[in-house]
Amino acid sequence: MEGKNNMYEGVEVGREVKVANKRGAGGCEGLLRVLGFVFCLSAAVILGVDKQTKIVSLQLVPTLPPINVPAHAKWYYLSAFKYFVVAHAIACSYAVLSLLLSLGNRGGKRGNISLGIAMADIVMVALLFSSNGAAVSIGLMGYQGNSHVQWKKVCNVFGKFCHQAAAAFVVSALGAIAFLLLIVFALKRLHKKL
């Protein structure tokens with residue numbers, strides 16, 4: 001009788017551990033969705049408020065004194081930065097929606113909704129990495145310039161603007177990695193079903 005009790009208790013303990021692991025995985029996915037939202041929102045805000053004004057000296061004719069002209073650097077002057085901010089706003093909206101859907105579907109049938117969320121996660125990863133790549137390429141152009149087409153460096157003049165943009169790119173990469181990890185969890189869940 002005592003052996004049966006221990007065997008029965010072992011089954012119960014095993015069942016409890018299995019349920020706890022499922023809840024832990026769901027909690028981890030929820031946490032990644034919240035992190036994705038926070039990182040994408042932060043990146044969009046950091047770049048969305050990025051602007052700087054400097055007084056630049058221009059010398060039109062060598063015999064005349066230079067003219068001081070105010071020069072502005074704003075995020076919306078560059079289409080890649082616009083794409084970055086809009087893509088991150090879309091990712092923020094999606095993160096909230098997917099979190100609500102996954103929380104609302106916790107006890108129900110997970111098949112169709114989970115597959116739809118996983119497919120949308122893939123789209124968000126592509127959107128975030130493409131917007132980050134576009135913005136970083138323009139940022140590097142501003143940092144290094146391009147002598148072949150006679151584009152000058154601008155980060156030596158607008159240092160604060162460039163540093164703030166670089167911070168937005170790093171935070172964006174963290175958000176994209178959070179969504180990438182969500183895909184990994186979805187693939188792991190799919191592999192367990194097979």
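This one's a predicted model, so the numbers in the text were calculated from it and none came from an experiment.
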Is there a continuous path of hydrophobic side-chain contacts, each under 4.5 Å between heavy atoms, that joins M141 to Y76? no

Using the rule that Ile, Leu, Val, Met, Phe, Trp and Tyr join whenever any side-chain heavy atoms are under 4.5 Å apart, tell me whether L101 and V123 fall into a single cluster. yes

Only counting residues at least two apart or in another chain, list the ones meeting side chain to side chain donor-acceptor pair (under 3.5 Å) with S131. none

Applying salt bridge (charged side-chain N to carboxylate O under 4.0 Å, His left out), which residue pairs with at least one partner in residues 147-176 are found, sequence neighbours left out? none

For residues 52-64, which residue pairs qualify under side-chain hydrogen bond (donor to acceptor under 3.5 Å, both in side chains), counting only residues two or more places apart or in two chains? T53-H72, S57-N68

Side chain to side chain contact (heavy atoms under 4.5 Å, CB included) involving F129 - partner list, sequence neighbours excluded: V125, A176

Once side chain to side chain contact (heavy atoms under 4.5 Å, CB included) is applied, do any residues pair with L58, and if so which ones, sequence neighbours excluded? V69

Pairs under 3.5 angstrom only: tabulate donor-acceptor contacts from the side chains of residues 79-86 to other protein residues two or more places apart or in another chain.
unit_1	atom_1	unit_2	atom_2	d
Y83	OH	S130	OG	2.5

Is a side-chain donor or acceptor of W75 paired with a backbone partner of G48 at a separation under 3.5 angstrom? yes

Residues 58-68 vs salt bridge (charged side-chain N to carboxylate O under 4.0 Å, His left out), sequence neighbours excluded, gives none

Taken to the nearest 0.5 Å, the spacing of C28 SG from L181 CG works out to 8.0 Å

Can you list every pair that meets side-chain hydrogen bond (donor to acceptor under 3.5 Å, both in side chains) and has a residue in residues 167-179, with sequence neighbours left out? H88-S172

Apart from Y143 itself, residues in the same hydrophobic cluster as defined by side-chain heavy atoms under 4.5 Å: none

By side chain to side chain contact (heavy atoms under 4.5 Å, CB included), A71 pairs with (sequence neighbours left out) V56, F158

Residues 50-86 vs disulfide (SG to SG under 2.5 Å), sequence neighbours excluded, gives none

Which pairs of donor and acceptor atoms, one on a side chain in residues 30-44, lie under 3.5 Å apart (sequence neighbours left out)?
unit_1	atom_1	unit_2	atom_2	d
R33	NH1	S98	OG	3.1
R33	NH1	D121	OD1	3.0
R33	NH2	D121	OD2	2.9
S42	OG	V38	O	2.8

